[in-house]
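To start, the structure under review is shown below, and the notes come after it.
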2 protein chains.
Amino acid sequence: MFTPAYTEVMSDELPALPWDRPRGRTRPPRIPLTRDRIVEAAYVVLDREGYDRLSMRMVAAELGVAVSALYAHVSSKDELLELMYSRFFADMDLPDPDPERWREQLRDYARAALAKLRSHRDLARISMGSVPFKPEMLPHMDALLGVFRAAGLPDRVAGAAGDVLSTFVDGFALEEGMWQDRYRATDELTWQGMREALERYFAELPPERFPHLTALSRSMFGRSNDERFDLGVEIIIRGLASFAAEAAAAGETATGETGNDGTGSDEAGATERPAG
Amino acid sequence: MFTPAYTEVMSDELPALPWDRPRGRTRPPRIPLTRDRIVEAAYVVLDREGYDRLSMRMVAAELGVAVSALYAHVSSKDELLELMYSRFFADMDLPDPDPERWREQLRDYARAALAKLRSHRDLARISMGSVPFKPEMLPHMDALLGVFRAAGLPDRVAGAAGDVLSTFVDGFALEEGMWQDRYRATDELTWQGMREALERYFAELPPERFPHLTALSRSMFGRSNDERFDLGVEIIIRGLASFAAEAAAAGETATGETGNDGTGSDEAGATERPAG
DNA sequence: CAGCTACTCTGAACACTGTTCACCGATGAT
DNA sequence: ATCATCGGTGAACAGTGTTCAGAGTAGCTG
């Protein structure tokens with residue numbers, strides 16, 4: 001290790017030693033560390049190494065900086081993860097409620113959210129692991145509630161609809177990521193090959209013990225993941241449509257608000273078939 | 001440290017030294033370590049300390065045993081977590097499909113699963129973090145598929161229905177647990193107090209920016225969690241009912257199977273996901 | 001009963017992790 | 001030119017999952 005005094009005195013007249021760090025103006029002006037740069041580096045590490053190997057030391061190494069330097073800008077790893085998660089909501093555009101197009105809007109929003117979750121490896125795990133509420137998601141919650149109300153959902157149902165939709169999107173992305181981790185670890189199988197292997201596995205189970213699994217193995221794994229996702233979203237949308245139709249009917253017959261809590265413990269008004 | 005030879009020779013004639021471990025028959029016969037005992041101890045630690053503090057060393061301490069002893073019965077912490085997760089499916093009873101009662105059966109199953117997830121602290125996190133498929137869940141998947149088919153769902157929809165339902169149940173329990181962790185850490189608030197605080201928080205947001213959130217804060221947090229859960233399940237059930245009714249109608253008019261994939265308006269099947 | 005093997009369990013170690021803290025060097029201000 | 005401030009450093013601490021040579025015990029064999 002050279003002492004600073006030595007390099008300061010000598011390097012004005014002599015060329016810099018090859019193993020010595022460049023100094024003066026030749027050295028890049030040392031970009032200061034910021035939260036943003038840290039978050040960015042964390043995403044690089046996440047994409048390259050995955051969630052399990054994402055550590056403060058790796059982020060610091062990515063920035064060419066000591067670990068402890070991070071703690072001047074970020075109070076803990078948890079906070080860093082939350083900052084990463086907050087970026088999730090940054091550049092997603094929000095629907096503005098249109099009663100005519102609420103189904104399409106929900107479908108589009110769900111697809112956009114899934115695409116965002118897929119855009120970084122293991123991002124779904126960060127999303128699922130974060131505290132269930134961040135101020136950044138307020139505009140999203142509000143916009144979604146707006147769509148639900150535009151669809152004609154009673155308030156109680158609107159309040160619960162967001163849960164169903166968001167847990168499905170998050171859970172779907174999480175499961176998808178786990179399969180990827182899985183086959184990343186075991187073999188160099190492609191995603192398609194994995195699905196085929198699963199289909200074969202289920203098809204070859206003893207049919208007397210698992211009659212439905214064996215019969216449906218093709219239906220479960222034959223189609224693409226996107227189709228499975230769309231189908232799930234469609235199930236939810238139709239469920240919401242049923243409540244909307246019910247509310248509309250009640251609104252026509254009686255002007256006052258009904259006390260129906262929407263859980264429909266009986267199986268009466270069900271099977272409201274949407275036109276979609 | 002005394003050498004074993006010393007204690008062996010002397011302790012027959014002399015009383016045992018007070019700091020020496022009792023030997024011979026007075027010592028409890030040393031119950032052998034088994035996978036089951038380890039899993040059981042892990043659950044004790046989980047309930048007392050929570051998922052974040054669940055470590056191999058704590059499990060070992062709970063059993064009064066060295067850490068490395070665990071690795072003779074369990075190959076890794078991941079395997080231990082999977083063993084814990086496997087217990088989840090052990091004593092849940094399965095519905096046997098009844099076309100007349102499929103809604104009730106799904107509702108009961110969802111409630112039972114939620115109750116199971118609630119029965120141990122942070123169990124939902126283990127569930128969500130586990131690999132998406134375990135052989136123990138085969139009977140459950142088959143039984144659920146049976147219910148879906150009994151309901152009259154087309155195969156494609158039945159294959160996706162399980163995803164929607166299970167991600168909702170898991171996600172709901174996970175979120176609930178996170179709120180609990182949250183208020184456990186910050187204050188000695190009760191669960192009810194937490195909900196009230198949240199309701200107030202949303203109600204006091206600027207209404208011009210968040211018109212729907214402020215308007216619906218009561219609807220979202222006023223009711224109990226169980227009601228919110230039931231409502232979510234009901235949304236899914238109605239969505240499935242819609243597909244079932246559609247299939248029934250198609251089956252009456254035309255005998256052949258229709259090619260409808262159930263996703264409704266397409267326009268997006270694209271973005272087949274690459275494996276990476 | 002003695003001797004042996006087989007097996008469980010121990011204690012120490014390794015390579016990590018998140019986090020803290022006394023210092024050091026370069027910056028901007030007096 | 002001196003001082004103070006502050007961002008960044010390196011070492012340390014307590015904790016993690018995991019491995020491994022070796023005790024100690026149990027049960028089987030001669």
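Source: prediction; values computed, not measured. Residue numbers start from 1 in every chain, and the chains themselves are labelled A, B, ... in the order their sequence lines are given, proteins ahead of strands.
Rounded to an integer number of Å, the gap from CG of B/Leu33 to P of D/dT25 is 17 Å. Rounding to whole angstrom units, CG of residue B/Leu80 and C1' of D/dT16 are separated by 15 Å. A/Asp52 places its CG atom 14 Å from the C1' atom of D/dT16, with the value rounded to the nearest Å. One atom, CG of A/Leu70, and another, P of D/dG8, lie 9 Å apart when rounded to the nearest Å. Between the CG atom of B/Leu81 and the C1' atom of D/dG17 there is a distance of 12 Å, given to the nearest Å.
Under 4.0 angstrom from either OP1 or OP2 of D/dG8 there lies at least one side-chain N or O belonging to A/His73.
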Classify every nucleotide of nucleotides 16-22 of chain C by which part a protein heavy atom approaches to under 4.0 Å, writing B for the base, S for the sugar-phosphate alone and - for neither, in 5'-to-3' order. -BBBBB-

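Partners of A/Phe210 under the ring pair (Phe, Tyr, Trp, His ring centres under 6.0 Å) rule, at least two apart in sequence or in another chain, do not exist in this structure.
A donor-acceptor pair under 3.5 Å is formed between the side chain of A/Asp47 and the backbone N or O of A/Arg121.
In this structure, A/Asn225 and A/Phe172 approach most closely via the heavy-atom pair O-CZ, 3.4 Å.
With a 6.0 Å radius and a threshold of 12 heavy atoms from other residues, nucleotides or ligands, B/Arg53 has its CZ atom at or below the threshold.
With respect to B/Arg35 and B/Glu79, a salt bridge is recorded, a charged nitrogen being found less than 4.0 Å from a carboxylate O.
Taking the six-membered ring for Trp and thresholds of 30 and 60 degrees, A/Phe133 and B/Tyr201 have ring planes more than 60 degrees apart, a perpendicular arrangement.
Nucleic acid contact for A/Ala69: base, since at least one base atom lies under 4.0 Å from a heavy atom of the residue.
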